[in-house]
Amino acid sequence: MKKKKQKHWILWFTLLFFVCFFSSFLLGRYPISPLELVKILLSKIFPISPTWDAQLETVLFQIRLPRVFMAVLIGGGLSCAGAVYQGIFQNPLVSPDVLGVSSGTGFGAALGLLLGFGYQAVSATALFFGLLAVLVVYLISRRVKSNPTLALVLAGILISSLFSSSISLVKLVADTDNVLPVITYWLMGSLASIRPDDVLFAAPLIILGLIPLYLFRWQMNIATLGDEEARCMGVSIQKVRFLVIFCATLITAAAVSVSGMIGWIGLIIPHIGRILVGNDYQKLLPASFLLGGSFLVVTDNCARLLSTNEIPIGILTAFVGVPIFLYLILKKESNF
């Protein structure tokens, strides 16, 4: 009965996901009717004479489609990264930026903007420093033999603090008229500047990180039981932990490199998924992806529609995430 109920939740999540996904193409300062949307999409396959404004086609394919698609991948990717981090570290308070990847990525982007790099170069620099931050954390933790899991978390806090201070230094020396506002806005997180090139840059990396996580879902289920239990069942906890950390880091670094620092998704969405479908990663990963993608798509719609000036999406996720997480704590539903 419980498994049947969990399957129903997955179906509801899928329905919610598709409703949020397709309705997002209709919303914006240039509204598109459902019929126009269908015609424009089918015109790329069948020879349909255009009865719509050419500007709508440009808005749909050059702005709205990349933005909505990346919102799905970023929201779903960060949620899955948070779910596996919380399981592998056996800590419900762990989020995708626990190992310093967000701070490292933020520093890379701030440094790139300070040096006047182009848009794609800024994203590449952000990705590089995000991966570098986690590599340094991992190398530090390897020096600690007694408790490598705790060493990873503590090293992550250390490196995250270091890169956060480095971001402050970059902001201090940045030009206050031109560069500093751009750095500040980027750090707050936004999907406003997402274009087709960003999809080609970040989407393959996020998908490349998601696929192994799902393929190794059974090993992750065993790894969450603890080191001794995993060894007794023939699972190498070190290899699983390394794979999970690498894939989750790749997802987070790729997402943050094009969207800026968007918090809370990787922390609260996995908790909601666990409450509704349980701890089994065969169900938890799809549920986290569908819920995270839907959440970020809806939040992004609010960011671009609530005000004439677009609200940074990181602000909205914090406003929504804090009360949800507080509710979960008070209800004591977020236990493993």
Side-chain angles (χ1 to χ4, degrees), residues 1-17 72-99 101 134 138 148-149 152 203-255 265-296 333-336:
M1 184 69 181
K2 188 176 181 181
K3 289 185 177 180
K4 189 175 181 181
K5 192 173 183 181
Q6 291 174 348
K7 190 176 291 186
H8 286 164
W9 277 116
I10 297 293
L11 292 176
W12 280 114
F13 295 159
T14 304
L15 178 62
L16 173 66
F17 173 82
V72 167
L73 279 183
I74 292 170
L78 291 176
S79 299
C80 290
V84 298
Y85 267 141
Q86 290 166 7
I88 207 70
F89 287 112
Q90 298 182 15
N91 188 333
L93 298 178
V94 168
S95 61
D97 57 354
V98 67
L99 300 183
V101 59
V134 178
Y138 182 75
T149 303
L152 269 172
L205 297 175
I206 295 175
I207 295 171
L208 186 64
L210 286 171
I211 292 175
L213 291 181
Y214 189 73
L215 292 177
F216 279 77
R217 58 195 182 278
W218 299 113
Q219 289 88 336
M220 286 192 293
N221 282 336
I222 296 172
T224 57
L225 299 175
D227 291 15
E228 293 299 327
E229 290 81 355
R231 290 192 192 95
C232 292
M233 301 179 81
V235 174
S236 174
I237 190 69
Q238 289 82 7
K239 291 180 180 179
V240 173
R241 185 178 289 127
F242 177 81
L243 174 72
V244 168
I245 289 172
F246 176 79
C247 292
T249 297
L250 182 64
I251 292 168
T252 306
I265 296 177
L267 182 61
I268 61 171
I269 298 299
H271 284 292
I272 297 173
R274 281 191 176 87
I275 292 170
L276 299 176
V277 302
N279 293 326
D280 185 355
Y281 279 106
Q282 185 177 11
K283 299 181 181 67
L284 180 59
L285 285 177
S288 296
F289 184 87
L290 293 170
L291 280 173
S294 302
F295 176 75
L296 192 58
E333 292 280 1
S334 54
N335 295 326
F336 278 86

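For the single chain, residues carry numbers from 1 onward in sequence order.
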Aromatic ring proximity Tyr138/Phe246, centre distance under 6.0 Å: no
Evaluation steps, side-chain contact (heavy atoms from CB on, under 4.5 Å), between Lys283 and Trp9: CA-CA 10 Å; Lys283 299 181 181 67; Trp9 277 116; over 6 Å; no
Atom [atom1] of [X] and atom [atom2] of [Y]: how far apart are they, to the nearest 0.5 Å?
{"X": "Leu296", "Y": "Ile265", "atom1": "CG", "atom2": "CD1", "value": "4.0 Å"}
{"X": "Tyr214", "Y": "Cys247", "atom1": "OH", "atom2": "SG", "value": "15.5 Å"}
{"X": "Leu152", "Y": "Arg241", "atom1": "CG", "atom2": "CZ", "value": "7.0 Å"}
{"X": "Leu215", "Y": "Arg217", "atom1": "CG", "atom2": "CZ", "value": "7.0 Å"}
{"X": "Ile207", "Y": "Leu250", "atom1": "CD1", "atom2": "CG", "value": "11.5 Å"}
{"X": "Arg274", "Y": "Asp280", "atom1": "CZ", "atom2": "CG", "value": "11.0 Å"}

Which pair of non-hydrogen atoms, one from [X] and one from [Y], has the smallest distance, and what is that distance?
{"X": "Cys80", "Y": "Leu210", "answer": "CB-CD2, 3.8 Å"}
{"X": "Gly77", "Y": "Ile206", "answer": "CA-CG2, 4.5 Å"}
{"X": "Pro96", "Y": "Gly266", "answer": "CD-CA, 3.6 Å"}
{"X": "Gln86", "Y": "His271", "answer": "NE2-NE2, 3.9 Å"}
{"X": "Pro270", "Y": "Ser79", "answer": "CG-O, 3.3 Å"}

Which donor-acceptor pairs under 3.5 Å do the side chains of residues 284-292 make with protein atoms, sequence neighbours left out?
{"residue": "Ser288", "atom": "OG", "partner": "Leu284", "partner atom": "O", "Å": "2.8"}

Stepwise side-chain contact (heavy atoms from CB on, under 4.5 Å) check, Phe216 with Val244: CA-CA 9 Å; Phe216 279 77; Val244 168; over 6 Å; no
Residue pair Thr249, Tyr85: steps toward the side chain to side chain donor-acceptor pair (under 3.5 Å) verdict: CA-CA 10 Å; Thr249 297; Tyr85 267 141; 2.9 Å; yes
Ile88 vs Val94, side-chain contact (heavy atoms from CB on, under 4.5 Å): CA-CA, chis, key distance, verdict: CA-CA 10 Å; Ile88 207 70; Val94 168; over 6 Å; no
Expected output: side-chain Tyr281 to main-chain Ala83 donor-acceptor under 3.5 Å: yes
Residues Leu16, Phe295; criterion side-chain contact (heavy atoms from CB on, under 4.5 Å); working and verdict: CA-CA 10 Å; Leu16 173 66; Phe295 176 75; over 6 Å; no
Note, Leu213 side chain near Ile251 side chain (heavy atom, < 4.5 Å): yes
